[in-house]
J.: 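Following this message is one structure expressed as structure tokens.
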Amino acid sequence: MGRDTVAEIITSIRNADMDRKRMVRVASTNINEKIVQLLLKEGFIESVRKHRENNKIFLVLTLQHKRTKKRSFGNSLNLKRISRPGLRIYSKSKKIPRILGGMGIVILSTSRGIMTDREARLQKIGGEILCYIW
């Protein structure tokens with residue numbers, strides 16, 4: 001049985017954010033690298049670097065934490081896995097959902113690569129909905 005690397009990276013980031021950890025280490029795969037690049041471009045994470053350990057390559061992510069008045073830290077990142085190996089969810093370009101009226105992003109796997117919902121709507125292509133991030 002194969003591993004669901006998208007679910008692993010989403011869970012790792014979500015757990016680190018809830019535990020208020022600054023750094024997260026995830027396995028480096030092509031899909032994970034594309035998702036991390038999108039998160040970096042959209043401003044959900046601060047930085048990313050590659051780390052090699054025992055002939056394995058990892059991505060080390062630096063998360064952003066926003067201070068609020070009520071608590072010392074607030075959860076700034078919400079991630080939800082949509083399509084999974086047991087149930088694939090696809091969407092046409094005109095029916096791609098909007099998260100919080102456009103404040104969040106949808107990450108899609110399309111025929112032209114992994115991209116956000118905005119890019120997919122501009123190129124008028126649909127695909128598999130991987131996850132929601134807000």
J.: Given the rule that I, L, V, M, F, W and Y join up when any side-chain heavy atoms are under 4.5 Å apart, are L130 and L40 in one cluster?
T.: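 Yes, because L130 and L40 connect within a single hydrophobic cluster, where side-chain heavy atoms sit under 4.5 Å apart.
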
J.: If every non-hydrogen atom of V24 is compared with every non-hydrogen atom of A16, which pair is closest and at what distance?
T.: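 Between these two residues, the closest heavy atoms are CG2-CB, 3.2 Å.
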
J.: Can you name the residues that form a salt bridge (Lys or Arg N to Asp or Glu O under 4.0 Å) with R98, not counting sequence neighbours?
T.: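 Partners of R98 by the salt bridge (Lys or Arg N to Asp or Glu O under 4.0 Å) criterion come out as none, since no residue qualifies.
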
J.: Look up atom CG in D17 and atom CG in L63, then write down how far apart they are to the nearest 0.5 Å.
T.: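 Interatomic distance, D17 CG to L63 CG, rounded to 0.5 Å: 6.0 Å.
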
J.: Could you check whether any side-chain heavy atom of V26 comes within less than 4.5 Å of a side-chain heavy atom of F58, counting everything from C-beta outward?
T.: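 No. Closest side-chain heavy atoms not under 4.5 Å.
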
J.: Report yes if some heavy atom in the side chain of V48 is under 4.5 Å from a heavy atom in the side chain of T62; otherwise report no.
T.: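 With C-beta onward as the side chain, the pair stays apart.
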
J.: Residues two or more places apart in sequence or in another chain: which of them pass side chain to side chain donor-acceptor pair (under 3.5 Å) with K124?
T.: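 Counting only residues at least two positions away or on another chain, K124 forms no side chain to side chain donor-acceptor pair (under 3.5 Å).
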
J.: Please name the pair of heavy atoms, one in F44 and one in W134, separated by the smallest distance, quoted to 0.1 Å.
T.: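 Result for this residue pair: CE2-C, 4.2 Å.
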
J.: List for me each residue that meets side-chain contact (heavy atoms from CB on, under 4.5 Å) alongside R14, sequence neighbours excluded, and say none if there are none.
T.: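 side-chain contact (heavy atoms from CB on, under 4.5 Å) check on R14 returns I10, T11, M18, L79.
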
J.: Using every non-hydrogen atom in the two residues, find where A120 and I96 come nearest and quote the distance to one decimal.
T.: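 It is CB-CD1, 3.8 Å.
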
J.: Looking only at heavy atoms, what is the nearest atom pair of R81 and A7, with distance?
T.: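 In this case the closest contact between R81 and A7 is NE-N, 3.9 Å.
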
J.: Applying the salt bridge (Lys or Arg N to Asp or Glu O under 4.0 Å) criterion to E128, which one of K92, R84, R88 satisfies it?
T.: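 It is R88, the one option of K92, R84, R88 that forms the salt bridge (Lys or Arg N to Asp or Glu O under 4.0 Å) with E128.
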
J.: Which salt bridge (charged side-chain N to carboxylate O under 4.0 Å, His left out) pairs, counting each pair once, include a residue from residues 38-48, with sequence neighbours left out?
T.: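 Sorted pair list: R22-E46, K41-E119, E42-R118.
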
J.: For I133, which of N78, L39, I13, V106 qualifies under side chain to side chain contact (heavy atoms under 4.5 Å, CB included)?
T.: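 Going through N78, L39, I13, V106 one by one, the side chain to side chain contact (heavy atoms under 4.5 Å, CB included) with I133 is satisfied by L39 alone.
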
J.: I'd like to know if V36 and L77 are part of one continuous hydrophobic network [Ile/Leu/Val/Met/Phe/Trp/Tyr, side-chain heavy atoms within less than 4.5 Å].
T.: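 Yes; tracing contacts between hydrophobic side chains, which count when under 4.5 Å, links both residues.
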
J.: Checking one residue: I125. Which other hydrophobic residues are in its cluster under the side-chain 4.5 Å linking rule?
T.: M115

J.: Please find the pair of heavy atoms, one from D117 and one from P97, that lie closest to each other, and give the distance.
T.: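 Closest approach of D117 to P97, heavy atoms only: OD2-O, 3.9 Å.
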
J.: Find out whether K80 and C131 are in side-chain contact, i.e. whether some heavy atom of one side chain is under 4.5 Å from a heavy atom of the other.
T.: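 The answer is no, as the side chains (C-beta and beyond) never meet within the 4.5 Å cut-off.
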
J.: Just jot down the salt bridge (Lys or Arg N to Asp or Glu O under 4.0 Å) partners of K56, sequence neighbours excluded, or say none.
T.: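 Testing K56 for salt bridge (Lys or Arg N to Asp or Glu O under 4.0 Å), a comparison that skips the adjacent residues, returns none.
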
